[in-house]
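Encoded as structure tokens, the structure appears first; notes follow it.
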Amino acid sequence: MTRPLLVALRPLGLGDHLTGLPALRALADAFPDHRRVLATSAAMVPLARHTGAVDAVTPAQPLAPLDPALTRPDVAVDLHGRGPASQRVLLALAPRRLVSFACPEVPETAGGAPWWPEEHEVARWCRMLDHAGIPADPTRLDVDPPVVAVPPAARGAVLVHVGAAAPGRRWPPERFAAVARALVAAGDRVVVTGGPLEVAAATAVAEGAGLPADHVLTALDLLSLVATVAAAAAVVVGDTGVAHVATAVGTPSVVLFGPIPPAEWGPPADRPWHRALWAGRRGDPHGVDLDPGLLALTPQQVLAALDGVRRAAAAPVGGVPAP
């Protein structure tokens, strides 16, 4: 017997994928007899398969037509945005039912949940599903570490991640270096990570902290990166996908926010082994100039917060040590 088809659309980045995971898990619970297919960015395919929240994954580009093989699904779920473009991408498949936010420009979305612009990204998609009669738990963020090789230097180290999608959200390398230098002086092992486009920044941080070349990790594939974060003792990171990885695998983290408040993209407030630092100023999340609020954060603040999250991680919660 052919299973009915459910298509979920979320062709975005690493942080987007992980913040959408509770919604995907809610769909799995609500539609256990459906074949659930996630249309996501090609880079996210390995992680989407690893989490097991969907039955299949198909690569997709933001707002581009989807694979015709997905035509006429029983259910289509817009986890991309508030419309209208993403909703029309799904409507082009002729679904029997569309689950999305209400958009005045798309009559088929009438009755959908209203969009709240300053809502936390995790809560947003769970609320949309709840409104549609699909119970969703925003706490279901955890991911098992992939069973892949981890660079030996990273095990038990403090991981300093230097990257972010926009220049406005990238804390200066010299400040990351100051944090790393202080940690090394205190007896910690430190590794620096970044993406392929962040080699120069990662190298500058390592050189500024006196770290050896094998402590710079900029060629990790996605699952290796997730496993490396899971193997670390703690993470210092900006407002970017690796911060959400730390939340997912339970590694204590300090996350540096600039133009976007942590109330919208930060780690869960009920997990004290994660700490968000924010100067309280909003700005342009896609800005090309360093955000003044991010620049207001100091290495001393980061080091103090890191000490706090590591102590919180060592404290028992309900009689059991936290992650």
Arg189 vs His215, side-chain contact (heavy atoms from CB on, under 4.5 Å): CA-CA, chis, key distance, verdict
CA-CA 9 Å; Arg189 186 165 66 257; His215 284 223; 3.6 Å; yes

State, without any angle test, whether Arg10 and Thr19 hold a side-chain donor-acceptor pair at a distance under 3.5 Å.
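Thr19 and Arg10 do have a side-chain donor-acceptor pair below 3.5 Å.
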
For [Y], is there any backbone N or O sitting under 3.5 Å from a side-chain donor or acceptor partner on [X]?
| X | Y | result |
| --- | --- | --- |
| Glu121 | Asp16 | no |
| Arg169 | Asp239 | yes |
| Arg170 | Gly163 | no |
| Gln301 | Thr298 | yes |
| Arg124 | Pro117 | yes |
| His120 | Gly266 | yes |
| His274 | Ala243 | no |
| Gln61 | Leu66 | no |
| Trp171 | Leu256 | no |
| Glu198 | Gly195 | yes |

Could you state the interatomic distance from [atom1] ([X]) to [atom2] ([Y]), rounded to the nearest 0.5 Å?
| X | Y | atom1 | atom2 | answer |
| --- | --- | --- | --- | --- |
| His50 | Leu222 | NE2 | CG | 10.0 Å |
| Trp116 | Arg127 | CH2 | CZ | 4.0 Å |
| His80 | Leu90 | NE2 | CG | 10.0 Å |
| Asp142 | Leu21 | CG | CG | 9.0 Å |
| Arg72 | Leu93 | CZ | CG | 10.5 Å |
| Asp289 | Leu295 | CG | CG | 11.5 Å |

Can you confirm whether [X] sits close enough to [Y] that some side-chain heavy atom of one is under 4.5 Å from a side-chain heavy atom of the other?
| X | Y | result |
| --- | --- | --- |
| Leu5 | Val37 | yes |
| Glu105 | Arg88 | yes |
| Thr193 | Val162 | no |
| Ile134 | Asp130 | no |
| Trp115 | Met128 | no |
| Val122 | Leu141 | yes |
| Leu18 | Val245 | yes |
| Ser100 | Val106 | no |

Look at [X] together with [Y] and state whether they make a salt bridge at an N to O cut-off of under 4.0 Å.
| X | Y | answer |
| --- | --- | --- |
| Asp188 | Arg310 | yes |
| Arg311 | Asp307 | yes |
| Asp29 | Arg140 | yes |

Start with the C-alpha gap between Glu118 and Arg282, add the side-chain angles, then the distance that decides, and say whether side-chain contact (heavy atoms from CB on, under 4.5 Å) holds.
CA-CA 12 Å; Glu118 297 182 2; Arg282 279 189 174 271; 3.6 Å; yes

Cluster question for you: counting only ILVMFWY and a side-chain heavy-atom cut-off of under 4.5 Å, with indirect links fine, are [X] and [Y] together?
| X | Y | value |
| --- | --- | --- |
| Met44 | Val143 | yes |
| Val150 | Val190 | no |
| Val45 | Val7 | no |
| Phe31 | Leu70 | no |
| Phe176 | Val255 | no |

Using the rule given for side-chain contact (heavy atoms from CB on, under 4.5 Å), can you reason through Leu24 versus Leu79, listing the C-alpha separation, both sets of side-chain angles and the distance that settles it, and then say yes or no?
CA-CA 9 Å; Leu24 292 173; Leu79 298 175; 3.7 Å; yes

Go through the steps for Val199 and Val216 under the test side-chain contact (heavy atoms from CB on, under 4.5 Å), then give the verdict.
CA-CA 8 Å; Val199 174; Val216 179; 6.0 Å; no

Asp74, Asp55, Asp33 screened by salt bridge (charged side-chain N to carboxylate O under 4.0 Å, His left out) with Arg3, the one that passes:
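The passing option is Asp55.
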
Can you see which heavy atom on Pro46 is nearest to which on Ala42, and at what distance?
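So the two residues come closest at CD-O, 4.0 Å.
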
